[in-house]
Amino acid sequence: MDVGAVLIAVAGVGGTLGGALLTQRGAERAKRRELEMTHAFEEARQHRELRRGCYAELHRHARQFATALSRHLYLMRDRAAEAEDIRALEETKDHYRDRWSEALMIAPDTVIPSAHEVNEALTRVYGQVKRLEQGNPRPDETLESAAEAQHALWALIGAMREAMRRDLGVSEELPRQVIPGRDQLEAMQRDLGDIP
């Protein structure tokens with residue numbers, strides 16, 4: 001038996017087995033990368049859906065809180081707030097506060113600044129409305145100044161909405177839009193301005 005032939009046979013078998021092993025390992029690595037990519041894609045999709053739901057709720061509740069403040073100002077212009085009126089405003093504020101707390105845990109740093117501005121403004125207007133309601137306003141607080149501050153909320157809410165939409169990839173930065181219902185808001189402001 002020729003030793004050279006045996007070595008060639010062993011090398012051929014080893015090469016064939018080694019090639020199969022390398023092919024199998026390469027396929028396993030490719031499969032693992034594919035699974036990791038699929039997992040990362042699914043995780044990113046789930047996180048985007050979580051943010052989308054959070055943003056929709058925060059936006060809705062911020063608008064409802066701003067609207068409740070407007071209603072409360074109208075009510076205070078016409079009569080004293082009753083327990084039911086106060087409870088309705090407090091419930092709306094509490095629902096908004098829950099959504100804001102959730103957003104703080106979910107929203108990225110690109111969205112938080114505009115959402116924080118909305119939160120601060122809503123809190124200021126709410127404080128002003130409550131002081132007026134309780135008959136303990138600060139020297140510069142009137143129903144008219146509260147109505148002006150409440151009206152300014154809509155632009156801040158719009159800016160927050162735009163930041164959320166950009167984060168979700170729904171739109172690029174949008175130009176300032178006309179606020180739907182501006183005529184009604186200006187009418188309310190004029191009505192409240194008639195108060196002595």
Side-chain angles (χ1 to χ4, degrees), residues 47-109 111-165 167-168 170 177-195:
H47 187 63
R48 187 176 55 251
E49 289 302 313
L50 178 66
R51 288 191 334 264
R52 178 178 287 141
C54 173
Y55 292 169
E57 287 294 307
L58 179 62
H59 182 254
R60 180 168 62 92
H61 284 282
R63 289 179 59 85
Q64 287 175 342
F65 191 15
T67 301
L69 288 166
S70 175
R71 283 187 199 130
H72 209 74
L73 285 167
Y74 266 125
L75 178 141
M76 289 169 48
R77 180 195 65 185
D78 297 336
R79 62 178 171 83
E82 297 173 0
E84 179 66 23
D85 305 318
I86 294 168
R87 185 187 61 71
L89 179 60
E90 294 302 315
E91 284 180 2
T92 304
K93 175 190 63 87
D94 291 345
H95 289 301
Y96 164 76
R97 186 192 60 220
D98 292 344
R99 297 299 75 75
W100 169 240
S101 297
E102 181 183 7
L104 284 173
M105 297 295 110
I106 294 172
D109 292 341
V111 172
I112 291 294
S114 61
H116 181 71
E117 276 189 67
V118 169
N119 185 61
E120 290 292 313
L122 282 166
T123 300
R124 277 193 305 276
V125 174
Y126 172 77
Q128 190 174 4
V129 167
K130 292 306 281 185
R131 286 187 294 275
L132 287 165
E133 175 189 272
Q134 296 163 358
N136 192 21
R138 291 180 180 159
D140 60 341
E141 291 178 338
T142 63
L143 283 175
E144 183 178 307
S145 69
E148 289 171 2
Q150 186 279 332
H151 176 71
L153 292 171
W154 297 108
L156 295 173
I157 292 170
M160 177 182 72
R161 181 193 66 238
E162 289 174 20
M164 292 172 177
R165 288 174 55 87
D167 178 55
L168 293 172
V170 174
Q177 297 178 346
V178 175
I179 299 171
R182 182 179 296 272
D183 295 337
Q184 292 87 0
L185 293 171
E186 289 173 352
M188 177 203 76
Q189 192 174 12
R190 280 192 304 276
D191 288 349
L192 289 173
D194 294 339
I195 299 172

Is the shortest heavy-atom distance from the side chain of [X] to the side chain of [Y] under 4.5 Å?
X      : Y      : answer
Cys54  : Met105 : no
Lys93  : Leu122 : no
Val118 : Trp100 : no
His116 : Leu104 : no
Asn119 : Tyr96  : yes
Asp167 : Pro108 : yes

Could you walk me through whether Arg97 and Thr92 pass side chain to side chain contact (heavy atoms under 4.5 Å, CB included), step by step?
CA-CA 9 Å; Arg97 186 192 60 220; Thr92 304; over 6 Å; no

I'd like to know if the side chain of [X] reaches the main chain of [Y], judged simply by a donor and an acceptor atom lying under 3.5 Å from each other, with no hydrogens or angles considered.
X      : Y      : value
Gln150 : Ala66  : yes
Gln134 : Arg131 : no
Asp78  : Leu75  : no

Contact summary for [X] and [Y], nearest pair of heavy atoms:
X      : Y      : value
Glu133 : Met76  : N-CE, 3.4 Å
Met160 : Ala62  : CE-CB, 4.1 Å
Ile112 : Ala103 : CD1-O, 3.9 Å
Ala146 : Leu73  : CB-CD2, 3.6 Å
Ala121 : Leu153 : CB-CD2, 3.4 Å

Side chain to side chain contact (heavy atoms under 4.5 Å, CB included) assessment of Thr67 paired with Trp154
CA-CA 10 Å; Thr67 301; Trp154 297 108; 3.4 Å; yes

Distance (rounded to the nearest 0.5 Å) between Ile157 CD1 and Ser114 OG:
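One finds 11.5 Å between CD1 of Ile157 and OG of Ser114.
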
Taking atom CZ of Phe65 and atom CG of Asp94, what is their separation to the nearest 0.5 Å?
9.0 Å

Run the side chain to side chain contact (heavy atoms under 4.5 Å, CB included) check on Met164 and Val170 step by step: do they pass?
CA-CA 9 Å; Met164 292 172 177; Val170 174; over 6 Å; no

Does the side chain of His95 pick up a donor-acceptor pair with the side chain of Gln64 at under 3.5 Å?
no

Using a distance-only test with no angle check, is there a side-chain donor-acceptor pair under 3.5 angstrom linking Glu90 and Tyr126?
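Yes.
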
Are Ile86 and Lys130 close enough, and set up right, to give a side chain to side chain contact (heavy atoms under 4.5 Å, CB included), and what steps lead you there?
CA-CA 9 Å; Ile86 294 168; Lys130 292 306 281 185; 3.6 Å; yes

Can you tell which of Val125, Leu132, Leu89 makes a side-chain contact (heavy atoms from CB on, under 4.5 Å) with His72?
Leu89

